[in-house]
Number of protein chains: 2
Amino acid sequence: MSSDTNRQWVLASRPTGEPTGEDFEMVDAGVPEPGPKEVLVRTQYMSVDPYMRGRMRDADSYADPWGVGDAMRARCVGEVVESNHTDFAAGDTVTGNLYWAEYAAVDGEQLAHADTGSAPVSTALHVLGMPGRTAYVGTVDIGEVEPGDTVVVSGAAGAVGSVAGQVAAIAGARVVGIAGSDRKVEWVTDELGFDAGVNYNTDDLSAEVAEACPRGVDLYFENVGGEVSDAVLDHLAQFSRVAVSGKISLYNAQPGDEALTGPRRFHQRTKTRVEGFIVSDHAHRFEHITDRLRRWTGDQLQYRETVTDGIESAPEAFLGLFEGENIGKQLVRVGE
Amino acid sequence: MSSDTNRQWVLASRPTGEPTGEDFEMVDAGVPEPGPKEVLVRTQYMSVDPYMRGRMRDADSYADPWGVGDAMRARCVGEVVESNHTDFAAGDTVTGNLYWAEYAAVDGEQLAHADTGSAPVSTALHVLGMPGRTAYVGTVDIGEVEPGDTVVVSGAAGAVGSVAGQVAAIAGARVVGIAGSDRKVEWVTDELGFDAGVNYNTDDLSAEVAEACPRGVDLYFENVGGEVSDAVLDHLAQFSRVAVSGKISLYNAQPGDEALTGPRRFHQRTKTRVEGFIVSDHAHRFEHITDRLRRWTGDQLQYRETVTDGIESAPEAFLGLFEGENIGKQLVRVGE
């Protein structure tokens, strides 16, 4: 390798409310030597995702929190530099849960070949990775999308929402996307083929959702929570489903904040089923799901990337998620 | 009414194996007087369906058998001539389980208004009636069709199969139809938009199914049973489903016939779920399902009718089902 430097981010402090740049510290960890069965990977792309906010909090969640001073982790795609594992060789392109870092040495068992077919390797971090599988599981497995359904997706222009809406459309649904800017709404309606879009910055979101969904909402793919959620829940149809994938609007809330009450207005009379899910519980479906997503990518399934450059830009990319700055998948390009 | 004659068919004898014209007898039952809460209906269209063969057999089934000498029943659409029920008035178009007859007097509770929207009233007997709902329940509720599935439908050109394949296509599946003539195969592929079709009159049906389904069969909508079924079951994919709607090839079989063994070659290793269903158990879904079918009819959902004329033609229409003579829905036009 050309350098012994390995710039890496650690958690400097636990944020209260919205994180700031102060909560992250960049160190030079040095390029590690891979141990037995380990693989040294040079990061090409690193993913920032809303769920990382949960890791920064010292509270029970579906994964252990990061400690202050710990190296922060992220799904990455990279190139194998050196391998002590028989499944991988120098030059292979791999994906796995690595670090906010230029290099990582990890057990080969925790890596997979980035099998993105004819799509760019970065797609292993979104449409062909965890966000894409989350979208599919939420729409098909949890949401039980049915042909003719009206499906509303919040966070529609994000990495998960943009795929969820397109999968719902392939499944014969009428799809309505909610997003935070006219530019995002235009993207999902004009380029992704959503049937309608709503900018949530409006005086009467509930009325706009009603207008976009004259037959009510059969499936709500929930990415944001809060007031957007309330506006959709006003219009649930009989036997509707709410697939709770995430609630980004609440991730920076503190105990006691009013917003933590979450979705409020759904009614027993519509026999709605509300179900939260974590994609990792559906691992037995990943091969099947990724195969379908790969088949559709670039054809019925479009994507967009918002990319910042250099490992030094990782906190900025992460913080932008909560400002709604990304269209499509937010990535950090770490190396070539 | 213009006549006091009411030609009506009764079961003359229980058929052994394939029924013949001898098993039916036409009588003049006279036009009945409607009693309290009853409605007198003049039949316009009468449906013949494969399940009727079960009614002619003195054996346990999901409905009571017809007795020899009994009036035979059928789903009909007709015009109200006289009504003693507050929900119906003379001139209304209604549907219900009536008789193989020109007139019927039945309790108004057993009738429904034929709400076919802009489609002809006869569609209440197929795409917007029991066959259409059977197709939908089998594909969506039992078959759990998923976008990207390969769905095989046997009896593809029949009243149920033709709708099942189109619903699967709306749900994002690749659809392969199996039927008994090139004309039928051409109809489902050229006009209904099935992705491929197979004529089961071939030397190696299993090989033709394999060729039409390079990724295997995720959902088999079973209408016929027997050797067609075996050829499909050879190619089931992982986690596949078989929705057993009917097995017309076996309906004339007698106890002891070899064909009664039914589907034979599916394997535990594919984790296939085989599930039979009777549409009447899904009544709570009918309003929802019919609403969707009505929305699609004439647009994404095409149909065809094969019609014989006059109540006298009813046995011929029924017997033709077992010869595969109908394309689309077999009906008898009884009155204007």
Side-chain angles (χ1 to χ4, degrees), chain A residues 127-128 132-133 135-151 163-175 193 195 214-219 236-241 270-272 282-297 299-301, chain B residues 127-128 132-133 135-151 163-175 193 195 214-219 236-241 270-272 282-297 299-301:
Chain A
V127 65
L128 298 179
R133 291 190 288 262
Y136 194 103
V137 165
T139 306
V140 174
D141 296 59
I142 304 296
E144 294 183 343
V145 64
E146 193 179 315
D149 273 353
T150 296
V151 176
V163 177
Q166 292 178 90
V167 168
I170 293 170
R174 182 167 179 282
V175 181
D195 299 279
R215 294 191 186 91
V217 178
D218 298 296
L219 168 57
L236 292 172
Q238 286 289 314
F239 298 105
S240 45
R241 290 85 59 204
T270 57
K271 285 80 86 182
T272 297
H282 299 260
H284 70 287
R285 291 266 290 162
F286 286 178
E287 188 181 336
H288 170 87
I289 289 171
T290 311
D291 179 60
R292 301 222 160 163
L293 294 170
R294 195 182 295 114
R295 214 189 295 157
W296 297 329
T297 295
D299 178 18
Q300 295 162 281
L301 188 52
Chain B
V127 65
L128 298 179
R133 291 190 287 262
Y136 194 104
V137 165
T139 306
V140 175
D141 296 60
I142 304 296
E144 294 183 342
V145 63
E146 192 179 316
D149 273 353
T150 296
V151 176
V163 177
Q166 292 178 91
V167 168
I170 294 170
R174 182 168 180 282
V175 181
D195 299 279
R215 294 192 186 92
V217 177
D218 298 296
L219 168 58
L236 292 173
Q238 286 289 312
F239 298 104
S240 45
R241 289 86 58 205
T270 57
K271 284 80 86 181
T272 297
H282 298 260
H284 70 286
R285 290 267 290 162
F286 286 179
E287 187 182 335
H288 170 88
I289 290 170
T290 311
D291 178 61
R292 300 221 161 163
L293 294 169
R294 194 182 297 118
R295 215 189 295 159
W296 296 330
T297 295
D299 178 19
Q300 294 162 282
L301 188 52

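Throughout, a chain's letter reflects where its sequence line sits, starting with A, and its residues are numbered from 1. Given the structure is predicted, the values throughout are model-derived calculations rather than measurements.
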Give the member of A:Ala171, A:Ala237, A:Gly172 that has the highest number of heavy-atom pairs under 4.5 Å with chain B. A:Ala171
For the CZ atom of B:Arg295 and the CZ atom of A:Arg215, what is their distance to the nearest 0.5 Å? 3.5 Å
Contacts of A:Asp218 that satisfy salt bridge (charged side-chain N to carboxylate O under 4.0 Å, His left out) - sequence neighbours left out: B:Arg292
Check whether any side-chain heavy atom of A:Glu146 sits under 4.5 Å from a side-chain heavy atom of B:His288, and report yes or no. yes
Residues at least two apart in sequence or cross-chain that pass salt bridge (charged side-chain N to carboxylate O under 4.0 Å, His left out) with B:Arg174, listed by chain then number, are none
With respect to chain A, which residue among B:Gln238, B:Arg285, B:Glu144 yields the maximal number of heavy-atom pairs within a distance under 4.5 Å? B:Arg285
